[in-house]
Visitor: 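The structure is given below, and queries will be raised subsequently.
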Amino acid sequence: MRGTAVSKHPLLDGLNPEQAAAITADLGPTLVLAGPGSGKTNVLTRRIAWLIQEHNLPHHRIMAVTFTNKAAGEMRSRVEKLLGSKLRGLQIGTFHSTCARFLRRDAPILGYRDNWVIYDSDDSQRLIKAIVAELGYAPKENPARRINNRISAAKNEMILPANYQAMSRFDERVARIYAAYQQALQAANAMDFGDLLLNMALLLQRSEERRKDYQDRFLAVLVDEFQDTNTVQYQLVKLLSAPQQFVFVVGDEDQAIYRFRGADYRNLLRFRKDYPQSTVILLEQNYRSTQTILDVAGAIISNNRNRTAKNLHTSRGQGEPIAVHEAYDEQYEADFVLEQVRRLRDSASIAYSDIAVIYRTNAQSRAFEEAFIRARLPYTLLSGFGFYQRREIKDLLAYLRLIYNPDDRVSFERIINTPARAIGKKSLQEFADWITREDLALSDALNLLYYDDFNPLSRTVKRKFREFSQLLSAWRDMAQPGGLGDLFQHIVAQTRYDLHLEKTSQHEDEALDRAQNLSEFYGMLLNADEIGQSLHDFLDERSLYTTADSLEDDDDKVRLSTFHSIKGLEFPAVFITGLEQDNLPHRNAIAEGIEGIEEECRLFYVGITRAEDHLFLSYALQRRPFGGSSINGTSQFLSDLPAHLLDGSPLTLAYLRQARAATAPTQWEPRHPIFERKPKPIAPSANPTIRAQFAAFKAPQKPTLRVGGRATHKQFGDGLVIGIESTGDIASVLFDQSELKKVFAEDLTPLGE
DNA sequence: TTCTCATACTTTTTT
DNA sequence: AGTATGAGAA
Ligand SMILES: Nc1ncnc2c1ncn2[C@@H]1O[C@H](COP(=O)(O)OP(=O)(O)OP(=O)(O)O)[C@@H](O)[C@H]1O
């Protein structure tokens with residue numbers, strides 16, 4: 001029966017029996033555990049329609065959580081299409097958007113004023129940095145970024161400053177900073193990303209009245225990508241779905257890739273434990289990929305421990321083999337991708353937007369961007385440094401935010417002297433000291449400037465701040481829905497931000513570029529005006545929406561993305577690039593040990609399973625991060641690929657075979673990557689054979705002679721050992737005085753570091 | 001106080 | 001490569 005369609009009910013049309021079982025399951029807790037492409041999201045969508053149609057739940061009493069805002073929008077329109085009516089009250093959003101929406105109304109209960117703003121990680125780090133300075137800690141030993149990570153982790157675990165357990169000296173400082181940071185956030189009337197979730201959970205825990213209200217409103221709660229929920233999200237689901245427990249979650253532990261954000265795939269197990277009466281449904285039919293792609297994916301993921309083995313199968317047929325490509329460096333890798341993109345379009349009539357290029361780190365997008373620009377092929381980035389992170393945009397946003405929330409300290413400090421108004425360190429200090437001494441809110445202080453009796457500031461300082469405060473109040477009066485574009489024009493004109501741009505740009509080009517960004521931003525404000533957005537709508541949306549969220553599907557451009565941002569999507573053709581040890585798995589993940597490496601393995605798995613028909617894997621022998629350069633061995637995951645499913649140049653395939661022979665299947669031992677920050681200039685050989693040898697890094701066979709170490713040879717002198725044959729008796733050495741040579745290992749004497 | 005220049009530091013993934 | 005910080009001159 002499996003795999004055959006049942007079609008008794010229009011909502012079940014074309015679904016297989018397991019999918020139908022999930023959709024029609026009883027109202028009680030239900031868990032759908034299934035691999036990629038098995039229709040989990042599809043099932044969740046239809047389940048919503050089913051609840052409305054068959055269980056007569058009013059649509060506004062259903063809440064669904066998706067992983068991205070874009071997925072939320074798509075889910076809403078699909079449900080509407082299934083039911084043939086608009087469903088404005090249906091609550092669908094990410095955890096963050098949903099919480100922000102609820103808190104927009106309820107935050108005053110927690111002591112926020114209703115014009116609170118959302119701080120992104122950059123804002124948080126600025127605030128933390130200021131606090132570190134105020135507490136007199138050394139900025140170097142207490143980097144804002146690291147501290148922010150600790151604080152976020154605590155919030156994800158619902159640990160409040162008072163309960164923060166300090167296990168080290170560093171942690172003791174973190175605990176103090178965390179407490180001060182929370183106070184500063186409250187004073188600034190701001191919430192960071194973690195607060196959005198934590199405050200919502202606290203609200204539900206602390207206010208019985210609000211809890212009952214939300215619980216009464218939401219009869220059913222549905223969550224997609226449940227494997228990537230963290231503690232506070234899990235608690236939110238639990239709190240909101242009580243007491244009737246009509247909770248429906250879908251997930252796949254093999255696709256858990258947000259551990260760094262506190263997510264724990266064991267929430268799937270926890271769900272089964274917390275709801276012992278829950279129905280568990282497995283889906284095994286894959287509708288997305290060819291069998292070859294599934295087999296490769298399966299071979300990769302089967303090395304992970306602690307997982308339910310899934311028996312994925314497809315009716316899509318075997319498909320074509322997986323292409324593996326070795327490139328000399330990232331530019332050649334990009335050229336390879338370009339070449340294949342053109343070929344796919346010409347011979348397989350695949351649109352640009354049907355193609356995804358996936359990499360581990362955002363920095364890797366650069367080589368692809370440059371190549372695509374050179375070749376004049378259209379592309380778009382799903383992740384990375386976005387529009388809103390540009391200096392000029394952040395400045396203008398800070399103006400808007402301060403207008404909306406005059407207590408926003410981070411924005412205030414950003415723009416008080418941008419453009420320069422002769423308010424330097426000293427003036428600012430005098431102002432800040434006064435505020436601290438009198439324990440004033442920033443907004444109150446800005447008002448008190450007008451009353452000489454109430455402030456002790458020196459004449460000039462007072463005058464300068466007063467002028468700023470006057471501007472601010474004038475703008476605030478203008479900040480009405482429909483007038484955001486005008487407001488922008490006034491800000492730019494009255495601060496002479498245009499002149500500031502010119503002054504602070506190095507070249508004409510840069511000034512022009514930044515001015516263009518500003519007009520693009522202006523366009524967005526006009527757009528907001530058109531749809532009648534208020535300032536807070538606009539600010540919230542831009543804090544919570546990512547580049548990928550606002551991308552139109554029909555925009556015919558190749559998608560460049562990290563593994564993380566590509567999750568949940570599918571493409572006829574997928575390129576997975578940068579398959580080098582230390583890149584995937586990333587060196588930092590390797591340092592985290594087996595958990596880290598298994599997560600990297602899942603990243604690879606997620607990437608592979610995005611592909612419908614065409615899958616390309618590539619690695620580069622050399623990369624140039626940070627102006628330096630590194631020579632890389634191939635990813636350990638490449639050795640786990642079943643050889644008979646691969647296609648590539650004979651040399652590459654031979655090399656992979658060799659690599660497989662040399663390493664026992666997936667030892668999670670970090671191999672010894674060759675990583676030289678600034679290696680001696682290496683003359684890259686054009687000879688493919690030599691290049692292949694160059695690539696043939698092996699795990700060390702003799703403890704004495706180490707790949708990546710230096711050794712001396714009686715005839716050729718000193719050199720860098722870049723490879724050792726699996727037999728252990730022959731080594732490839734890059735000699736300082738000559739070139740790459742293969743020599744007998746016994747003629748080499750290892751040198752100390 | 002502002003601007004310019006040199007120097008040091010970074011070095012995963014995202015809401 | 002890119003940003004952030006600090007010193008010194010205008
Ligand atoms: N019963 C079905 N018949 C035909 N196609 C289906 C069926 N169910 C799902 N699909 C298709 O399979 C693809 C994958 O579905 P979906 O995105 O819901 O899977 P998923 O399990 O959520 O995947 P992932 O875990 O990778 O995000 C989609 O293109 C969907 O339209």
Side-chain angles (χ1 to χ4, degrees), chain A residues 65-69 93-100 118-126 129 139-140 143-146 148-149 152 155-156 191-198 225 228-230 232-233 256-263 358-367 370 382-386 389-391 417-428 460-461 464 500 503-504 506 540 542-549 561-567 578 582-592 596 599-600 602-604 606-607 623-630 675 677:
Chain A
V65 184
T66 57
F67 207 72
T68 66
N69 293 295
T94 62
F95 276 107
H96 288 89
S97 303
T98 305
C99 290
I118 300 172
Y119 273 6
D120 64 21
S121 347
D122 193 65
D123 300 319
S124 303
Q125 281 172 42
R126 280 169 177 266
K129 206 167 159 185
K140 273 196 181 157
R145 198 192 146 105
R146 225 180 117 203
N148 189 32
N149 284 341
S152 303
K155 289 183 179 179
N156 288 334
M191 298 190 201
D192 67 14
F193 287 128
D195 286 335
L196 292 175
L197 307 178
L198 182 56
E225 307 277 11
D228 272 324
T229 52
N230 59 33
V232 59
Q233 290 168 338
I257 55 175
Y258 279 92
R259 200 171 74 104
F260 72 93
R261 220 163 69 181
I358 310 177
Y359 37 78
R360 177 67 239 262
T361 67
N362 284 306
Q364 284 164 257
S365 72
R366 207 190 167 91
E370 285 170 357
L382 296 194
S383 53
F385 288 110
Q389 319 215 8
R390 292 161 205 263
R391 232 186 11 255
N417 200 31
T418 306
R421 336 186 141 76
I423 297 178
K425 229 179 171 166
K426 272 180 85 180
S427 311
L428 196 56
T460 45
V461 171
K464 290 186 287 192
H500 171 75
K503 259 191 261 173
T504 54
Q506 310 280 23
D540 279 3
R542 87 96 222 161
S543 298
L544 296 169
Y545 273 62
T546 63
T547 8
D549 286 329
S561 171
T562 58
F563 287 97
H564 289 90
S565 301
I566 208 74
K567 184 165 91 150
D582 277 4
N583 185 233
L584 188 80
H586 194 273
R587 68 201 324 259
N588 297 359
I590 296 172
E592 286 167 23
E599 177 130 327
E600 299 290 297
R602 292 193 291 268
L603 280 175
F604 190 26
V606 166
R623 277 185 199 279
R624 279 174 285 272
F626 303 102
S629 104
S630 73
F675 188 85
R677 258 200 101 93

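A, B, ... follow the sequence lines: proteins, then strands. Residue 1 opens every chain.
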Visitor: Any side-chain N or O of A:S565 below 4.0 angstrom from OP1/OP2 of B:dT13?
Guide: no
Visitor: Quick check: do A:N417 and A:L428 have side-chain heavy atoms less than 4.5 Å from each other?
Guide: no
Visitor: If you assign each of A:L428 and A:N69 to its closest nucleotide in DNA chain B, which residue comes earlier from the 5' end?
Guide: A:L428
Visitor: What's the CG-P distance between A:N230 and B:dT15, to the nearest Å?
Guide: 14 Å
Visitor: Which residue, A:N362 or A:A422, contacts DNA chain B at a nucleotide closer to its 5' end, judged by nearest heavy atom?
Guide: A:A422
Visitor: At 4.0 Å (heavy atoms only), tell me whether A:D120 reaches a base, stays on the sugar-phosphate, or touches nothing.
Guide: nothing
Visitor: From the set B:dT12, B:dT1, B:dT13, return the single nucleotide nearest to any side-chain atom of A:T562.
Guide: B:dT13
Visitor: Separation of A:R360 atom CZ from B:dT11 atom P, in whole Å?
Guide: 14 Å
Visitor: Need one value for A:N417: base, sugar-phosphate or nothing, where a base atom within 4.0 Å counts as base even if backbone is also close, heavy atoms only.
Guide: sugar-phosphate
Visitor: Atom CZ of A:F385 to atom P of B:dT12: distance rounded to whole Å?
Guide: 10 Å
Visitor: Pick base, sugar-phosphate or nothing for A:R366, based on heavy-atom distances below 4.0 Å to the nucleic acid.
Guide: sugar-phosphate
Visitor: Counting any heavy atom closer than 4.0 Å, what does A:S97 reach on the DNA or RNA strands: base, sugar-phosphate only, or nothing?
Guide: nothing
Visitor: Looking only at atom types and distance, does a side-chain atom of A:D549 sit under 3.5 Å from a main-chain N or O of A:T546, one as donor and one as acceptor?
Guide: yes
Visitor: Consider the side chain of A:T361, meaning its heavy atoms from C-beta on, and name the nucleotide among B:dT15, B:dT13, B:dT1 that approaches it most closely.
Guide: B:dT13
Visitor: Is the ring centre of A:H586 less than 6.0 Å from the ring centre of A:F563?
Guide: no
Visitor: Nearest whole angstrom, please: distance from the C1' of B:dT11 to the CG of A:N588.
Guide: 7 Å
Visitor: Output yes when at least one side-chain N/O atom of A:T546 is less than 4.0 Å from OP1 or OP2 of B:dT15, else no.
Guide: yes
Visitor: Compare the ring of A:H564 with the six-membered ring in the base of B:dT13 and state whether they stack (centres under 5.5 Å, planes under 30°).
Guide: no
Visitor: Just by distance, with hydrogens left out, do A:N362 and A:S365 show a side-chain donor and acceptor under 3.5 Å apart?
Guide: no
Visitor: Would you tell me if any nitrogen or oxygen in the side chain of A:S543 comes within less than 4.0 Å of OP1 or OP2 on B:dT15?
Guide: no
Visitor: May I have the distance from A:N149 (atom CG) to B:dT14 (atom P), rounded to whole angstrom?
Guide: 13 Å
Visitor: Tell me whether the rings of A:Y258 and A:F67 are parallel (<30°), tilted (30 to 60°) or perpendicular (>60°).
Guide: tilted
Visitor: Does A:R145 place a side-chain N or O at less than 4.0 Å from the phosphate oxygens OP1/OP2 of B:dC9?
Guide: no
Visitor: Roughly how many Å is it from CD in A:Q125 to P in B:dT15, rounded to a whole number?
Guide: 15 Å
Visitor: I'd like a table of atom pairs between the protein and nucleotides 3-8 of chain B - only N or O on both sides, under 3.5 Å - with the distance next to each one.
Guide:
none

Visitor: Checking all strands, does A:Q233 fall into the base, sugar-phosphate, or nothing category for heavy-atom contacts under 4.0 angstrom?
Guide: nothing
Visitor: Reckon A:S121 has a side-chain N or O less than 4.0 Å from the OP1 or OP2 of B:dT15?
Guide: no
Visitor: Please enumerate all residues that pass side-chain hydrogen bond (donor to acceptor under 3.5 Å, both in side chains) together with A:D192, with sequence neighbours excluded.
Guide: A:K155, A:Y181
Visitor: Rounding to an integer number of Å, can you tell me how far A:R542 CZ sits from B:dT15 P?
Guide: 12 Å
Visitor: Mind checking if A:F563 touches a base, just sugar-phosphate, or nothing, with heavy atoms under 4.0 Å?
Guide: nothing
Visitor: Residues in side-chain hydrogen bond (donor to acceptor under 3.5 Å, both in side chains) with A:Y119, at least two apart?
Guide: A:D408
Visitor: Looking for any heavy atom pair under 4.0 Å, which part of the strands does A:S427 touch: base, sugar-phosphate only, or nothing?
Guide: sugar-phosphate
Visitor: Looking at A:N156 and A:R261, would you say the former's side chain and the latter's main chain have a donor-acceptor pair under 3.5 Å?
Guide: yes
Visitor: From OH of A:Y258 over to P of B:dT12, roughly how many Å is that when rounded to an integer?
Guide: 16 Å
Visitor: Side chains of A:I257 and A:K567, heavy atoms from C-beta outward: is any pair under 4.5 Å?
Guide: yes
Visitor: Mind checking A:I423 for me? I need base, sugar-phosphate or nothing, with any heavy atom below 4.0 Å counting as a touch.
Guide: sugar-phosphate
Visitor: Is A:F260 stacked on the base of B:dT14, with ring centres under 5.5 Å apart and planes under 30° apart?
Guide: no
Visitor: Could a donor-acceptor pair under 3.5 angstrom be found where the side chain of A:R261 meets the base of B:dT15?
Guide: no
